[in-house]
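Structure first, then comments.
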Amino acid sequence: MEITSCSTLYYRPLKRTPNCNCSDSYLILNQPRSRLHPSSPHLSVFSRSCNFNGKSLRLGRLPAFSSPSRSDLDSSQELAVLLEVEGVLVDAYRSTNRQAFNEAFRKLGLDCANWTEPVYSDLVRKNASNEERMLITYFNRIGWPTSLPTNEKESFIKRVLQEKKNASDELMVSQSLPLRPGVEDFIDNAYNEGIPVIILTAYSKTGEEIARSIINKLGPERISKVKIVGNEEARQSLYSQVVLGQAKHSGLDEQLAKEAMKAASAEKQRIAEKVASALKLSVEINITSSESLEKITCALRAGAELAGIPVSNCILIAGTQYGVDGAVQIGMPCIVLRSSLTSRAEFPSANAIMDGFGVGGLTITRLRQKTWS
């Protein structure tokens with residue numbers, strides 16, 4: 001696929017105010033983006049028949065998904081689609097992140113700070129999406145608030161980030177946050193063809209409450225066509241009760257191993273950010289902790305149970321690396337839907353990478369024909 005790109009030099013004058021010392025201009029060089037479409041991994045299926053120590057476990061299962069034409073499907077063509085919320089239902093990063101920063105600046109009285117799209121994109125690129133470094137870079141260039149003591153810069157950055165998070169949460173649940181183009185038609189087409197659609201909120205980065213408020217944007221009629229897997233649904237799943245139920249009896253060695261993996265993940269993140277900063281690139285690596293991965297795989301298993309479809313016939317539409325890691329862990333096919341946050345990231349373990357829903361992107365027909373692999 002050919003990608004046309006160009007570099008653009010952007011010049012923006014900035015006002016001086018009593019609160020800030022601002023430089024006269026801000027120069028930006030936009031860089032081209034790249035794509036990667038990797039091959040698919042081998043698949044496996046989780047068995048629902050379980051015996052432990054000669055004892056048969058009697059567990060309730062989640063009610064299976066039903067839809068109009070399900071009985072008409074050939075078993076070899078059975079599919080289920082699992083959708084993440086952030087990056088899939090909504091491109092929250094594009095729609096809210098820059099606005100949230102500007103709202104935080106406004107609430108803190110930083111009149112000279114206003115991030116336009118080019119300024120914001122440049123900061124993201126040069127700081128590998130690290131928001132703390134983005135703020136430091138920005139204020140180093142335009143000048144820090146004149147009333148701010150040098151030894152309080154760190155606490156100032158934390159205040160800005162907290163205000164930004166509050167503003168972001170408000171924007172996420174507001175009516176102004178649009179759904180991704182084509183997602184409503186995708187859900188309708190899946191339902192009409194008897195394909196179960198499961199929406200995952202259990203491991204949503206913004207929290208389950210906000211994720212469910214985003215789902216409400218689909219409207220009551222469309223919501224009735226899908227099933228939602230949140231924390232409670234994941235806990236009630238067969239997988240959670242049989243497999244994760246054994247975790248409460250784990251010994252000290254297992255707990256220590258988990259803590260060691262957490263520490264290793266944190267070190268990977270630190271190294272990745274350092275390399276990204278040096279190369280001025282946005283990178284994404286597998287830094288999912290064992291605890292997070294366990295929660296993700298549990299949600300994916302619960303989604304397959306709710307759909308009544310084998311794991312190998314379920315397809316996760318992911319917006320983050322975390323979902324990809326979980327899908328790979330259990331052998332579930334996975335397609336990444338790019339967003340503004342992941343536009344330059346690579347996902348080598350995903351089956352495919354697409355830019356959106358609809359013509360030229362992700363459709364039910366392409367899933368049926370497996371032309372995405």
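What you are looking at is a predicted structure, and each value in this text was computed from that prediction instead of being measured.
- The side-chain heavy atoms of Arg159 and Ser155, taken from C-beta on, include a pair separated by under 4.5 Å.
- Taking 4.5 Å as the limit, every side-chain heavy atom of Leu171 sits out of range of all side-chain heavy atoms of Ser168.
- Every residue meeting the side chain to side chain contact (heavy atoms under 4.5 Å, CB included) condition with Pro149, not counting sequence neighbours, appears here in chain and number order: Asn151, Glu152.
- For the pair Leu79 and Ile309, the minimum side-chain heavy-atom distance is 4.5 Å or more.
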Report task. Using the side chain to side chain contact (heavy atoms under 4.5 Å, CB included) rule, take Asn231 and Lys295 through it: C-alpha gap first, then chi angles, then the decisive distance, then the call. Result -> CA-CA 9 Å; Asn231 292 322; Lys295 185 174 184 178; 3.5 Å; yes
Requested in this report: Given side chain to side chain contact (heavy atoms under 4.5 Å, CB included), test Val197 with Lys225 step by step and report yes or no.
Outcome: CA-CA 8 Å; Val197 175; Lys225 300 176 181 179; over 6 Å; no
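- Remark: the backbone N or O of Pro333 is not paired with any side-chain donor or acceptor of Asn351 at under 3.5 angstrom.
- The shortest distance between side-chain heavy atoms of Phe357 and Asp185 does not fall below 4.5 Å.
- Taking the charged nitrogens against the carboxylate oxygens, Glu193 and Arg368 do have a contact shorter than 4.0 Å, which makes a salt bridge.
- The residue from Asp325, Leu316, Ile315 that alone fulfils the side chain to side chain contact (heavy atoms under 4.5 Å, CB included) condition with Cys334 is Leu316.
- Within the 4.5 Å cutoff, no side-chain heavy atoms of Thr96 are placed close to those of Val90.
- When all heavy atoms are compared, the tightest approach of Glu78 to Asn313 is O-ND2, 3.0 Å.
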Report task. Go through Arg366 and Met354 one step at a time and tell me if the side chain to side chain contact (heavy atoms under 4.5 Å, CB included) criterion holds. Result -> CA-CA 11 Å; Arg366 294 191 75 175; Met354 296 185 180; 3.8 Å; yes
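- The heavy-atom pair separating Leu238 from Glu305 by the smallest distance is N-OE1, 2.9 Å.
- Between Phe139 and Leu110, the closest side-chain pair of non-hydrogen atoms falls below 4.5 Å.
- Considering only residues two or more places apart in sequence or on other chains, Glu209 meets the side chain to side chain donor-acceptor pair (under 3.5 Å) condition with none of them.
- At a threshold of 4.5 Å between non-hydrogen side-chain atoms, the residues Leu161 and Phe101 count as touching.
- For the pair Val336/Val324, a side-chain contact is recorded, criterion being any heavy-atom separation below 4.5 Å from C-beta on.
- Legend: residues meeting side chain to side chain contact (heavy atoms under 4.5 Å, CB included) with Lys158, ordered by chain and number and at least two apart, are Glu154.
- A donor-acceptor contact under 3.5 angstrom links the side chains of Asn97 and Tyr120, judged on distance only.
- Listed for the Gln321 side chain is no donor-acceptor partner under 3.5 Å among the backbone atoms of Phe347.
- With sequence neighbours excluded, the residues satisfying side chain to side chain donor-acceptor pair (under 3.5 Å) with Asn140 are Trp144.
- With respect to Glu208 and Arg212, a salt bridge is recorded, a charged nitrogen being found less than 4.0 Å from a carboxylate O.
- With sequence neighbours excluded, the residues satisfying side chain to side chain contact (heavy atoms under 4.5 Å, CB included) with Ala299 are Ala202, Tyr203, Val229.
- With sequence neighbours left out, Arg235 forms a side chain to side chain donor-acceptor pair (under 3.5 Å) with Glu232.
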Query - Met134 and Trp115: CA distance, side-chain angles, deciding distance, side chain to side chain contact (heavy atoms under 4.5 Å, CB included) verdict - result: CA-CA 11 Å; Met134 287 166 62; Trp115 289 357; 3.9 Å; yes
